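Here is the structure we will look at.
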Amino acid sequence: MTALPKPVRELLQAVVDAVDLPLPDITEQDDRERTLLLDRRAAHVAIILGLVLRDGGTTIADLTADAAHLRKYTAGPLTYTPWQAPRDRGTS
């Protein structure tokens, strides 16, 4: 079996990195913030993938740049507090 070309793997990893967010803490605010962040990131993923698929104009070489653009648009800190198991919080 032939492995995926490196630029394809880079783009797929950028997609996973964009939408694979940690669970929010138990507050409603954290849940809302995670949902908003995920929505924004998913929109960027859809835009980049739409451009890749449009008119068949993207080459394998272009995918590296597409992955970089996706990483740029979805970079940034979390806007919410991630959930931690009680044992990770230092409580029993």
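Positions are given from 1, in the same order as the sequence printed here. Since the model is a prediction, treat every value here as computed from it, not as a measurement.
Closest heavy-atom contact between Trp83 and Pro86: CZ2-CD, 4.4 Å. Pairing each heavy atom of Leu23 with each of Tyr80, the nearest pair is O-CE1, 3.9 Å.
The ring-ring contact (aromatic ring centres under 6.0 Å, His included) analysis of residues 46-68, with sequence neighbours excluded, yields no pairs. Legend: side chain to side chain donor-acceptor pair (under 3.5 Å) pairs involving residues 67-78, not counting sequence neighbours, sorted by first then second residue: Asp17-Arg71.
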Cut-off 3.5 Å, no hydrogens considered: what does the side-chain donor-acceptor table look like for residues 58-67, sequence neighbours left out?
{"residue": "Thr58", "atom": "OG1", "partner": "Val52", "partner atom": "O", "Å": "3.1"}
{"residue": "Thr59", "atom": "OG1", "partner": "Ala61", "partner atom": "N", "Å": "3.4"}
{"residue": "Thr59", "atom": "OG1", "partner": "Asp62", "partner atom": "N", "Å": "3.2"}
{"residue": "Thr59", "atom": "OG1", "partner": "Asp62", "partner atom": "OD2", "Å": "3.2"}
{"residue": "Asp62", "atom": "OD2", "partner": "Thr59", "partner atom": "N", "Å": "3.0"}
{"residue": "Thr64", "atom": "OG1", "partner": "Glu10", "partner atom": "OE1", "Å": "3.2"}

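When side chains are defined from C-beta on, Leu49 counts as touching Leu11, because their heavy atoms get closer than 4.5 Å. With contacts defined as side-chain heavy-atom distances shorter than 4.5 Å, the pair Val16/Leu12 does not qualify.
Asp31 CG to Asp25 CG: the interatomic distance, rounded to the nearest 0.5 Å, is 10.5 Å. Atom CD1 of Ile48 and atom CG of Leu53 lie 11.5 Å apart (nearest 0.5 Å).
In the hydrophobic cluster analysis, where Ile, Leu, Val, Met, Phe, Trp and Tyr join through side-chain heavy atoms closer than 4.5 angstrom, Leu78 is grouped together with Val15. Leu4 and Val45 fall within the same hydrophobic cluster, defined by Ile, Leu, Val, Met, Phe, Trp and Tyr side-chain heavy atoms under 4.5 Å apart, directly or through other members.
Remark: the backbone N or O of Thr81 is paired with a side-chain donor or acceptor of Asp30 at under 3.5 angstrom.
Applying the under-4.5 Å side-chain rule to Ile, Leu, Val, Met, Phe, Trp and Tyr, the cluster around Leu36 consists of that residue alone.
In terms of the side-chain contact (heavy atoms from CB on, under 4.5 Å) criterion, residue partners of Leu38 (sequence neighbours excluded) are, by chain and number, Val19, Leu21, Arg34. In terms of the salt bridge (charged side-chain N to carboxylate O under 4.0 Å, His left out) criterion, residue partners of Arg32 (sequence neighbours excluded) are, by chain and number, Glu28.
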